[in-house]
Structures are given as C-alpha cells and as structure tokens.
Amino acid sequence: MSGSSEKKYFNFSVLRRVFSFVKPYRWRFIVSIILAVVLSFFTPVRPFFIQLTIDKATGKNIHTPWIIQFLFPHSNLNNALQFILAVTVFQVVFIFIETAARFYFSFITSWLGQTVVRDMRTAVYKKILGLNLKQFDTTPIGTLTTRTINDIESINDIFSDGLVPIFADLLSIIVVLVFMFITDWRLTLIALIPFPLLILATYYFKESVNKSFIQVRNAVAALNAFVQERITGMQIVQAFAAENREMDKFKKINKHHRNANIRSIFAYSVFFPIVEIVLAVSTGLLVWYLAGQAASNPVSNENLAGELIAFILYLNQIFRPLRVIADKFNVIQMGVIAAERVFKVIDNPDALPPSAANAHAPTERLEGKVEFDHVWFAYNEENYVLKDISFKVEAGETVAIVGHTGSGKTSITSLLNRLYQIKKGEIKLDDVNIETYHLDILRRNIAVVLQDVFLFSGSVIDNITLHDGDIKREAVIEAAKLIGVHDFIMQLPGNYDYNVMERGNTLSLGQRQLISFIRAILSDPAVLILDEATSSIDSESELLIQKAIDTLIMGRTAIVIAHRLSTIRKADKIIVLDKGEIKEMGTHEELLALNGFYAKLHSMQFEKANAVVM
C-alpha cells in the first residue's frame with residue numbers, strides 16, 4: 001500500500017475508473033463538454049471583429065457579417081462610424097456573454113472535481129475503516145493520511161485543471177488555426193515556422209516536470225509519515241534525547257522535497273521564456289512578411305493593418321493555452337498516479353467482507369458462551385503465534401489468561417471479535433461460528449477494555465459514547481455512578497464536557513481506563529475482554545479500577561489478560577500460555593497443586609502482596 005507508482009505514461013484504465021465516479025453527475029459533465037466546444041468557437045470572434053473594425057476604418061471594402069446586420073437592422077453599416085459603433089456594442093455584449101460562459105465552465109469543472117473528490121475520499125475512508133488491523137500494523141499512518149487527503153486532492157485537478165480544460169484548450173487552438181488558414185493560409189504557415197521548436201520544448205518540459213512531480217509526491221508522503229510518527233512518539237524522542245538525530249533525519253527528507261520542487265521550478269523557468277521567444281519570433285515573421293508584401297506592392301497591399309493585428313491576436317490565443325497545456329498534461333498524469341495509489345487502498349483485499357444479507361443477527365443479547373476449537377493464527381504467513389488453541393468458557397464464567405510477554409494472550413482476545421482472521425480452526429460464540437455473525441451484532445456483544453486506552457480529541461462524554469446519538473447523557477451518568485466513576489469525572493474542569501485533548505494526554509493512564517470502563521458497561525456486552533490495568537497507576541485510581549472491574553465482570557462472560565493476583569484467584573478458569581500453546585488449564589488451586597508451569601510463573605511474578613505486572 002505504501003509503494004509508489006512511477007509510470008511514465010497514462011494508465012487509461014485508472015483514468016476510466018476515476019471517471020466512473022462521474023456517472024452520478026454525467027449531465028453536468030456533458031454540460032462542461034458542450035461549454036468547452038462553445039468556448040472554442042468564441043475564441044477567434046474578437047480578433048476577427050477587431051480586424052473588420054480596422055479594415056473598415058482604413059477604407060478597405062469588407063463584407064458585413066450577417067450577425068451585425070441582424071442585430072442592427074436600422075444602422076447604415078456602410079458608414080464607417082456606424083459600423084464601428086455597431087461592432088463595438090456587439091463586442092462589449094459578447095465579452096459579457098463569453099465571461100459568463102467561462103465562469104460557468106470553470107465553476108462546473110471545479111464542482112465536478114470537488115464532488116468526485118468527496119465521493120472518493122468517502123470510499124477510501126470507508127475502506128480504511130474495514131481494513132484488518134494487520135494493515136495498520138504494517139502501514140505508516142502518514143501514508144494512509146497522504147492517500148486520503150493529498151493524493152485524492154490531486155485527482156480533483158484532473159477535472160478543474162486537467163482533462164476537460166485541455167480538451168477546451170486544444171479545441172480552441174484548432175478553431176483559431178482554422179480561422180487563420182481561412183483568412184490567409186500563406187501567412188499562417190509563415191507564423192507557424194517556429195512551432196517545431198515549441199513542440200520540442202513542450203515535450204522536454206513535460207517529461208522534466210513529470211519526473212519532479214513524482215519525486216515531490218513521494219517526498220510529501222515521506223514527510224507526512226515521518227512527522228506523524230514523530231509527533232505521536234514525541235515523548236520517546238524527548239525522553240531519550242533524540243531530538244538532534246530526528247532533526248537530522250527530517251532535514252534529509254525535507255531537503256529531498258525541496259530539491260524535487262526546485263527541479264520543477266527550473267523547468268518552468270526555462271520553458272516559459274522559450275514560449276515567449278517563439279511567440280516573438282512568430283510575430284516578427286508576420287511583420288516581416290506583411291511589410292515585405294506592402295513594400296513590394298504598395299497599392300494592392302495598403303490595407304494590411306487589420307490582418308496583421310488579427311494574426312497577432314490569433315497567435316496570442318494559440319500561445320496562451322500552449323504555455324500551460326504541457327503543465328496540464330502533467331496535472332492529469334499526476335492525478336492518475338495519485339488515483340492509482342488511492343485505488344490500491346480501495347482494492348486492498350485484506351479487509352473484512354461486508355456481512356452477508358443472511359448473516360446471523362440475533363436481536364436479543366447473547367448468553368456469552370465462548371469456544372476455541374483447534375485455532376491457529378499467524379500475523380505473517382506460517383509464523384504462528386497461536387498453535388492449536390482449544391478451550392471453552394461457559395456463559396457468565398471468568399477466564400484469566402496468563403503467560404510471558406509474547407505468549408499470545410492479546411492475540412486470543414483480538415480473534416474473538418474478528419479484529420484478525422484465524423488461519424485454521426473455529427471460534428464459536430453461543431455455539432455459532434463467529435464468521436457467520438453479522439459483524440456489527442458480534443462486536444456489539446463483545447466489549448473490549450484495553451490496557452493502553454486510546455481517547456480521541458474531544459469531550460469526556462463524546463469519548464464514552466463515540467458520538468452515538470442514541471446514548472443519552474443520563475445513561476452515561478448512570479453508568480458512571482454504577483461503577484463509581486461519576487465523582488472522578490465531576491472533579492474535572494467542565495466534568496463530562498472536559499476536553500481530554502488528543503489521545504487523552506491530559507488524563508492519567510488510570511483516568512483514561514476508567515472512562516473506557518463506562519464505554520464497556522453502556523454497551524451491556526455478553527462478553528467482556530479485559531486487559532487489566534498494571535501497577536503503573538496511582539493507588540486511588542487502582543481502587544476505582546478494581547471496583548469497576550468487579551462491577552463489569554458481574555453477570556457476564558469475562559476473558560481477562562490477568563496482571564493482578566486478586567483477579568486470577570477469582571477466575572473460574574486460568575489458561576496458561578507459552579509461545580502460543582496452552583500449557584495448563586484449571587483453577588488457581590488446581591494449577592498450584594500441579595506444581596508445573598503456572599506454579600513457576602506464580603512463584604516468579606505473583607508472590608508479592610500486590611498485583612505485579614507480568
């Protein structure tokens with residue numbers, strides 16, 4: 001997912017897929033195409049009428065366009081003054097019409113781009129919400145952030161600055177060239193003599209900018225990933241005095257980003273002057289040719305001023321879009337590259353499929369009977385962290401899972417609510433395979449209280465309800481009182497409306513865990529997964545947490561990753577893990593009597609009077 005695409009040419013299949021998002025707005029897209037065609041025919045109108053005005057003013061015999069005759073039927077158009085006045089009025093009105101058309105064209109293409117961006121960003125975020133946790137273990141957060149924000153914003157440019165505007169510009173150039181050839185094909189060919197140089201410069205400019213844009217895009221992703229990760233882990237950076245080392249790494253990435261941008265700026269700095277030089281040469285050739293014509297035959301070529309002015313204006317109308325057309329091609333290409341990256345997220349197969357229409361979805365609260373039947377699980381291919389795990393938990397029982405760090409305790413709890421997919425075996429909840437449950441129903445009946453509680457930036461009550469409008473404030477307060485947390489919250493500034501800031505950093509570990517207990521009890525789960533608090537919390541919070549745990553466990557199935565002696569002794573069953581395998585299973589007294597693996601753990605880690613972290 002984090003890989004970057006550096007393809008040189010358009011991936012038209014990706015472009016077609018981008019345009020599939022336009023289907024709901026096809027009529028607006030069609031209108032933008034029609035406007036592009038109309039505006040292309042508007043382009044040569046003003047130079048043409050300026051030529052007519054100059055020709056009429058210099059006494060040249062010209063044919064009055066039908067539209068002027070139609071709009072000004074009562075004017076004497078043979079009179080130079082009245083003709084010029086009529087054409088001037090027409091030009092003023094025409095400018096307002098053209099301006100309104102160009103405004104709407106610009107607005108509708110930008111509207112299409114932003115609407116497609118909105119829909120694509122929604123699709124990407126929906127996909128991210130459904131990805132297996134394995135993806136978040138292996139993909140930097142900054143990379144996903146870049147895909148969701150920066151890359152999708154580049155896709156907007158395909159519409160606002162890319163495909164449709166390029167079509168409009170190319171069509172305008174073609175129409176202007178046709179007008180020029182109709183007016184004077186020899187003069188047109190002379191004006192186009194420097195064009196091969198411009199085409200060559202445009203090609204090299206496009207290639208140069210394209211390479212630098214790819215480098216800029218990769219550098220942006222690297223910057224986002226680096227900064228996101230370091231800000232998140234700033235406590236570690238500062239605690240180990242690593243600021244200077246991290247600053248040196250940042251400077252290298254930032255320098256790469258700057259160099260990529262400078263290469264792009266250099267290409268622009270070379271290309272635009274070349275365009276101006278080619279335009280100046282073309283204009284000089286026009287003047288040279290017409291001056292020569294007038295000098296060689298003054299009588300028959302005495303009224304060439306109008307044609308000269310018109311051709312200079314035509315050239316400007318050709319060169320103006322040519323200045324940016326290569327840049328717009330790069331915009332499309334970078335948009336396609338960005339889209340390719342975005343679609344890699346959308347197409348990521350490592351996601352939970354949507355629940356089937358006939359998925360098991362009981363309306364009543366589950367009993368909470370849990371069974372692991374020969375379960376095997378690996379985070380990476382065949383490197384199994386759980387090996388042939390089998391055990392049963394009856395409804396209402398409390399099971400403690402103990403073992404050394406890395407023995408697979410957390411993996412067991414993560415599999416039960418399908419945060420990860422098992423490789424072999426079967427997990428049942430109330431004698432039904434968890435794979436057949438509707439995922440929302442399954443997770444609604446399983447509450448998780450983690451040791452490292454994550455809180456979002458926002459109020460206490462928002463973190464408890466997770467913005468679920470169906471949960472009333474009164475219910476939150478009642479749940480807080482039930483587990484003895486209400487008084488603690490009321491002591492906070494703003495009580496339930498207190499802003500805990502990002503990751504809940506304004507609260508202690510124990511306080512964050514108490515808030516997570518209210519989350520759990522509000523859902524009234526059939527099964528409670530509890531990664532119990534460690535001894536790193538203060539004594540006051542420890543007493544509140546112990547009371548909260550006792551309240552939470554009451555009347556429901558509890559699977560506890562045990563850290564404190566009191567919880568293990570109260571458990572109906574203790575499962576002892578080592579290196580992904582169940583070594584022993586039984587009550588506290590039974591396992592001590594075995595004088596085996598559990599007894600050794602107990603003597604090593606649970607002999608102190610208070611709970612000690614395993």
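Nothing here was measured: the structure is a model prediction, and the numbers come from that model. The figures here come from the full heavy-atom set of this structure, side chains too, leaving out hydrogens, waters and symmetry mates.
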What distance separates [X] [atom1] from [Y] [atom2], expressed to the nearest 0.5 Å?
| X | Y | atom1 | atom2 | value |
| --- | --- | --- | --- | --- |
| S269 | I262 | OG | CD1 | 10.5 Å |
| R418 | L439 | CZ | CG | 5.0 Å |
| I559 | I529 | CD1 | CD1 | 5.5 Å |
| R556 | L366 | CZ | CG | 12.5 Å |
| S459 | Y498 | OG | OH | 12.0 Å |
| I389 | F377 | CD1 | CZ | 12.0 Å |

Is [Y] close to [X] at the side-chain level, that is, under 4.5 Å between some pair of heavy atoms?
| X | Y | result |
| --- | --- | --- |
| W376 | I422 | no |
| V124 | I346 | yes |
| E153 | Q114 | yes |
| L577 | I401 | yes |
| V18 | V336 | no |
| M120 | F343 | yes |
| V38 | F105 | no |

State, to 0.1 Å, how close [X] and [Y] come at their nearest heavy-atom pair, and which atoms those are.
| X | Y | result |
| --- | --- | --- |
| L415 | I434 | O-CD1, 3.5 Å |
| A222 | I253 | CB-CG2, 4.0 Å |
| A479 | I521 | CB-CG2, 3.6 Å |
| P24 | S20 | CD-O, 4.3 Å |
| V385 | S411 | CG2-OG, 3.9 Å |
| Y437 | A359 | C-CB, 4.1 Å |

Judged by atom type as modelled, is there a donor-acceptor pair below 3.5 Å linking the side chain of [X] to the main-chain atoms of [Y]?
| X | Y | value |
| --- | --- | --- |
| N495 | I489 | no |
| D430 | G368 | yes |
| R365 | D524 | yes |
| S172 | A168 | yes |
| N463 | F456 | yes |
| N445 | I441 | yes |
| N348 | K344 | no |
| N499 | G458 | yes |
| K409 | G403 | yes |

- Task: Please state whether the rings of F107 and F103 are parallel, tilted or perpendicular, taking 30° and 60° as the class boundaries.
- Result: parallel
- Anything under 30° is parallel, anything over 60° is perpendicular, the rest tilted; go ahead and classify F226 against F250. tilted
- Going by an N to O cut-off under 4.0 Å, is there a salt bridge joining D347 and R17? yes
- Message: Check R473 with D497, please: is the shortest side-chain N to carboxylate O separation under 4.0 Å?
- Response: yes
[atom1]/[X]: more than 12 non-hydrogen atoms of other groups inside 6.0 Å:
| X | atom1 | answer |
| --- | --- | --- |
| N244 | CG | no |
| K255 | NZ | no |
| E426 | CD | yes |
| K424 | NZ | yes |
| E367 | CD | no |

- Message: Which residue is it: I108, D119, V31? I am looking for the one with a side-chain contact (heavy atoms from CB on, under 4.5 Å) to Y25.
- Response: D119
- For side-chain contact (heavy atoms from CB on, under 4.5 Å), just list the numbers for Q421 and E435, CA-CA rounded to whole Å, side-chain angles, deciding distance to a tenth of an Å, and then say yes or no. CA-CA 9 Å; Q421 297 295 106; E435 302 287 338; 3.4 Å; yes
- Item | Any donor-acceptor N or O pair under 3.5 Å, side chains N433, T436 | no
- Test log, rule side-chain contact (heavy atoms from CB on, under 4.5 Å), inputs N156 and V116: CA-CA 7 Å; N156 168 56; V116 168; over 6 Å; no
- Determine, stepwise, if the pair V375 / D388 fulfils side-chain contact (heavy atoms from CB on, under 4.5 Å). CA-CA 5 Å; V375 172; D388 199 25; over 6 Å; no
